[in-house]
Enquirer: 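This is the structure I want to talk about, given as structure tokens.
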Amino acid sequence: MKAVVKTGPGEGQLELKDWPEPSPAPDEVKIKIAAAGICGTDIHIIKGRWRCDPPVVLGHEFCGTVVELGSRVRGFGPGDRVVASNPARVCGVCYHCRAGNPFMCSKRVSAGYMIDGAFAEYLCIRPEVCHHLPDRVSFRQAALGEPLAVAVHAVIERTTVHAGDWVLVSGPGCVGLLTMQIAKLEGAGVIVAGIEKDQSRLECARTLGADVVVNTSKESLLDIVRRCTNGLGADLVYECAGVAVSLELCWEAVRKEGTVVQVGVYPGPIQTDLNKVMMKELKLVGTYGYIWTSWRRAVQLLSNGKVNTESMVSNEYPLTQFEEAFRKTQDGSAIKVVLCPQRSAP
Ligand SMILES: [Zn+2]
Ligand SMILES: [Zn+2]
């Protein structure tokens, strides 16, 4: 089969290769991949800034159709449409696995950078991380299931947003736009901030229901946040950019006794003034991945149409055009780029 493979460590080294088609272990299902999203983490991986065990097929956000079952699999059948998540493997017996948060398992193995992922025609994974898709949810919509689960975990499970709150989302990438939509559903007023190169993403934020969008390259975010909140500042701030300047703005924009949530991934260690956390009596919350209940809600939100992922997919490419797909993801002109491994090049 064809697969987009990171062939060596460090920067670049990404190739479309003929790769062995996997067959399912007794406890795995084999999925024919319909759509797989390119994520900010994939960019960190190809820049050599994120753990990766090459040679490995990239791609950790995906959906498709079950085509084969391992002998011990129950509850799934050939033809089932599924969206799947990580972690691909966990120990199952540590404190975090037993407590229901497998992302914290120190034996966690993730598909798409530690073992083969979904930028390929097929992938085998354990059924525990597969979620059935209702017929009314298209693969195009479900391609964003994984980042949606991340946003659900951040907004609903790691923090509490109340009706009437003001929320700032800094960074209008895929997770930022989904974080905005969920904060809106929870009843908050939402300000979405980005920079000049995010212009199309900021426009998307507006069409998806953001109350205020701010281009911080042109406008003062602080002035706008103060105007919205009668000078108080935002109740909650979600840092979704993974950029130090964005975090600095978050410290300023959050109100005293407010909450700052770290959603984005920084390229490496950053310098910042943590006296802000002390002097403003802030709560600083980390959020990483999702738990099973995040997916239950994510699939429900796709199914009832409360969250719009459809219009966030700006570009779809066959595997043969992976270079163009990665370029589009990096230059900021795309909202979400999705690879469709069953499609052949035009
Ligand atoms: Zn991702
Ligand atoms: Zn564990």
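Both ligands and their constituent atoms are indexed starting at 1 by order of listing.
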Enquirer: To check you understand the geometry: which heavy-atom pair defines the closest contact between K6 and C52, and what is its length?
Expert: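 Between these two residues, the closest heavy atoms are CG-SG, 3.8 Å.
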Enquirer: Taking atom CG as the centre, does D331 end up with more than 12 heavy-atom neighbours from other residues, nucleotides or ligands that are less than 6.0 angstrom away?
Expert: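 Above 12, so yes.
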Enquirer: For residues H132 and D80, determine if any side-chain heavy atom of one lies less than 4.5 Å from a side-chain heavy atom of the other.
Expert: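 SC-SC contact between H132 and D80 confirmed.
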Enquirer: For the residue pair Y113 and W50, does the interplanar ring angle fall in the parallel (under 30°), tilted (30 to 60°) or perpendicular (over 60°) class?
Expert: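 Perpendicular, since the angle between the ring planes exceeds 60°.
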Enquirer: What N/O/S atom of H60 is the closest to the Zn ion (ligand 1)?
Expert: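 Checking each N, O and S atom of H60, the shortest distance to the Zn ion (ligand 1) belongs to NE2.
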Enquirer: In degrees, rounded to 10 degrees, what angle do C94 atom SG and C97 atom SG make at the Zn ion (ligand 2)?
Expert: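 Reported to 10°, the angle equals 110°.
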Enquirer: Could you tell me whether any N, O or S atom belonging to E61 is less than 2.8 Å from the Zn ion (ligand 1)?
Expert: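 A backbone or side-chain N, O or S atom of E61 is under 2.8 Å from the Zn ion (ligand 1).
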Enquirer: Just wondering, is there an N, O or S atom on H96 that's nearer than 2.8 Å to the Zn ion (ligand 2)?
Expert: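 Checking H96: none of its N, O or S atoms is under 2.8 Å.
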